[in-house]
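Notes follow the structure.
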Amino acid sequence: AWMLSDAQDHDETLAGHKLEGIFDLWKGFRSRCNDLWLNEIQNDDLMQAHEDLKEVISRCRGRINRGGNHVAVVGPCHEEVLAALQKCKAASQLIPAEPAPS
């Protein structure tokens, strides 16, 4: 979907307030993963998932803040953040496993 705007030669950039909303959402994801880890401090897989999520968020924020506010940059970054959050949830032993989509 993110590539579609590029293929159509359509300039889609996100305004500052929308970017801040995305950054706030990511901050909430990071906080949620951190809370999971604090509740399972001995869980090394969860610690690594938390570190990976922080790294993805940091890298994406940097890329976006350096002028990458185009949906072709923000979209894939958001997908990376969501994938890292999913790994965090999957590493938690307190969250029941989500059923596989059928």
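Formation of a donor-acceptor pair under 3.5 Å by the Asn43 side chain with backbone atoms of Trp37 is not found in this model. Arg66 places a side-chain N or O within donor-acceptor distance of the main-chain N or O of Gly62, the cut-off being under 3.5 Å. Of the possible polar contacts, one joining the Glu40 side chain to the Gln93 backbone as a donor-acceptor pair under 3.5 Å is found.
The structure places NE2 of His50 at 11.0 Å from CG of Leu85, a figure rounded to the nearest 0.5 Å. Between Arg32 atom CZ and Ser92 atom OG the span is 12.0 Å, to the nearest 0.5 Å. Note that CG of Asn34 and CE of Met47 are 12.5 Å apart. Values are rounded to the nearest 0.5 Å. To the nearest 0.5 angstrom, Lys18 atom NZ is 9.0 Å from Thr13 atom OG1.
Of all the heavy atoms in Ala84 and Leu53, the pair that sits closest is CB-CD1, 3.6 Å. For the pair Glu80 and Arg59, the tightest heavy-atom approach, listed with the atom from each and the gap, is OE1-NH1, 2.9 Å. Between Ala49 and Cys88, the shortest heavy-atom distance links the atoms CB-CA, 3.6 Å.
Two residues are said to be in side-chain contact when any heavy atoms from C-beta on lie closer than 4.5 Å; Leu25 and His78 meet this criterion. No side-chain heavy atom of Ile64 sits less than 4.5 Å from a side-chain heavy atom of Ile22. Under the 4.5 Å side-chain criterion, counting only non-hydrogen atoms from C-beta, Leu46 is in contact with Leu36.
For Asp44 and Gln48, the side-chain atoms include no donor-acceptor pair closer than 3.5 Å.
Side-chain rings of Trp26 and Phe29 stay apart, their centers remaining 6.0 Å or farther from each other.
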